[in-house]
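Along the sequence shown, residues carry numbers from 1.
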Amino acid sequence: MVGEEGAFVLGWDEVLTEEELSVTLKVLCMSEEEFKEYKEQDGWEDDSEEEENATLSNEALSRLKTPCKKLLYDSVLLTLESYGADLKAEQDLLNNKEAYEKLSRREQQALHVRYGQKRILHQLLELVQ
């Protein structure tokens, strides 16, 4: 369901891998009976036209059903735990000019990437609380 990478791509305004996330959330939040019924349909792509045209914008994420929001929330927390430092520590390092300049160019770039990723994840946490 999530492709070879096993990850979803989130942007500031919407989920960029919305189809994968939508199907994954739908399946993981189904009861066993609902899953059997869904699996027995004539393929996984026979969803309603409304679902096919829906985008997972930030607004749509905040309106998800409670089980889906909880699943996303817990997943984001697990992802954030996999980072070595929290958002505040990254922000402090970015704001400390002396410490920042001691980093190699590659370390500075990595810091910016991690900080951006964490900000997006924290935004998602707020949306699905």
Side-chain angles (χ1 to χ4, degrees):
M1 286 182 283
V2 294
E4 293 178 24
E5 293 83 32
F8 302 106
V9 181
L10 306 170
W12 284 110
D13 301 317
E14 65 187 15
V15 176
L16 302 177
T17 53
E18 63 186 68
E19 183 179 344
E20 292 90 345
L21 181 58
S22 180
V23 170
T24 300
L25 288 174
K26 182 176 183 176
V27 170
L28 292 176
C29 292
M30 288 179 176
S31 67
E32 186 176 344
E33 184 176 308
E34 290 171 323
F35 178 72
K36 285 179 184 177
E37 192 175 304
Y38 189 67
K39 192 175 168 183
E40 290 171 359
Q41 289 180 356
D42 292 335
W44 290 86
E45 296 169 26
D46 287 349
D47 290 335
S48 71
E49 192 172 310
E50 177 184 312
E51 288 179 1
E52 287 179 15
N53 294 329
T55 60
L56 283 178
S57 64
N58 287 348
E59 184 181 328
L61 288 170
S62 66
R63 292 190 318 257
L64 288 172
K65 294 178 182 177
T66 301
C68 292
K69 288 169 97 174
K70 170 100 172 89
L71 183 61
L72 269 178
Y73 188 87
D74 291 345
S75 298
V76 169
L77 288 180
L78 285 172
T79 302
L80 286 169
E81 287 176 10
S82 71
Y83 287 97
D86 64 5
L87 182 66
K88 175 87 170 90
E90 303 283 8
Q91 188 172 21
D92 290 345
L93 185 53
L94 283 168
N95 292 332
N96 183 335
K97 187 175 180 180
E98 187 178 311
Y100 179 79
E101 289 179 354
K102 288 181 182 178
L103 299 174
S104 70
R105 184 72 182 136
R106 180 180 234 158
E107 290 171 322
Q108 290 174 354
Q109 291 171 337
L111 174 62
H112 283 282
V113 170
R114 283 191 317 269
Y115 180 69
Q117 290 171 338
K118 289 176 187 178
R119 286 187 56 211
I120 289 172
L121 290 170
H122 279 273
Q123 176 182 293
L124 181 56
L125 281 178
E126 289 178 20
L127 290 169
V128 298
Q129 283 195 80

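Between Tyr38 and Lys26, the shortest heavy-atom distance links the atoms CE1-NZ, 3.4 Å. The two atoms that bring Leu16 and Gly11 nearest to each other are CG-N, 4.1 Å, heavy atoms only.
Here Arg119 pairs with nothing under the salt bridge (Lys or Arg N to Asp or Glu O under 4.0 Å) rule; sequence neighbours left out.
Note that CD of Glu107 and CG of Leu93 are 9.5 Å apart. Values are rounded to the nearest 0.5 Å. Distance NZ/Lys118 to NZ/Lys88: 13.0 Å, rounded to 0.5 Å. Rounded to the nearest 0.5 angstrom, Tyr100 OH and Gln108 CD are separated by 4.0 Å. With rounding to the nearest 0.5 angstrom, the CD atom of Glu90 is 9.5 Å from the CG atom of Asp92.
Both Leu28 and Leu25 are members of a single hydrophobic cluster when ILVMFWY side chains are connected at heavy-atom separations under 4.5 Å. Hydrophobic clustering, with ILVMFWY side chains joined whenever heavy atoms are under 4.5 angstrom apart, keeps Leu121 apart from Leu78. In the hydrophobic cluster analysis, where Ile, Leu, Val, Met, Phe, Trp and Tyr join through side-chain heavy atoms closer than 4.5 angstrom, Leu10 is grouped together with Leu77. The cluster map of Ile, Leu, Val, Met, Phe, Trp and Tyr, joined by side-chain heavy atoms under 4.5 Å apart, puts Ile120 and Leu111 in different clusters. In terms of hydrophobic clustering, with Ile, Leu, Val, Met, Phe, Trp and Tyr side chains grouped at heavy-atom distances under 4.5 Å, Leu125 and Leu56 are assigned to a common cluster.
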Only pairs under 3.5 Å count here: list side-chain donor-acceptor contacts from residues 61-69, not counting sequence neighbours, and write none if there are none.
{"from": "Ser62", "atom 1": "OG", "to": "Glu59", "atom 2": "O", "distance (Å)": "2.7"}
{"from": "Arg63", "atom 1": "NH1", "to": "Glu59", "atom 2": "OE2", "distance (Å)": "2.7"}
{"from": "Lys69", "atom 1": "NZ", "to": "Ser62", "atom 2": "O", "distance (Å)": "3.0"}

Item to complete: Go through Glu40 and Lys36 one step at a time and tell me if the salt bridge (charged side-chain N to carboxylate O under 4.0 Å, His left out) criterion holds.
Response: CA-CA 6 Å; Glu40 290 171 359; Lys36 285 179 184 177; over 6 Å; no
Worksheet item: Given Leu72 and Leu127, is the side chain to side chain contact (heavy atoms under 4.5 Å, CB included) satisfied, shown in steps?
Response: CA-CA 10 Å; Leu72 269 178; Leu127 290 169; over 6 Å; no
Worksheet item: Yes or no on side chain to side chain contact (heavy atoms under 4.5 Å, CB included) for Glu126 and Gln129, after CA distance, side-chain angles and deciding distance?
Response: CA-CA 5 Å; Glu126 289 178 20; Gln129 283 195 80; 4.2 Å; yes
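Looking only at distances, a side-chain donor or acceptor of Asn95 sits under 3.5 Å from a matching main-chain atom of Gln91. One N or O on the side chain of Thr17 and one on the backbone of Val9 form a donor-acceptor pair closer than 3.5 Å.
Here the options are Val76, Leu80, Thr79, the test is side-chain contact (heavy atoms from CB on, under 4.5 Å), and the partner is Leu124; only Val76 passes.
Checked by atom type, the side-chain pair Tyr83/Gln117 shows a donor-acceptor distance below 3.5 Å.
His112 has its side chain within reach of Leu94: a pair of non-hydrogen atoms, C-beta onward, lies under 4.5 Å apart.
Summarising the local packing, CD of Glu37 is surrounded by 12 or fewer heavy atoms from other residues, nucleotides or ligands at distances under 6.0 Å.
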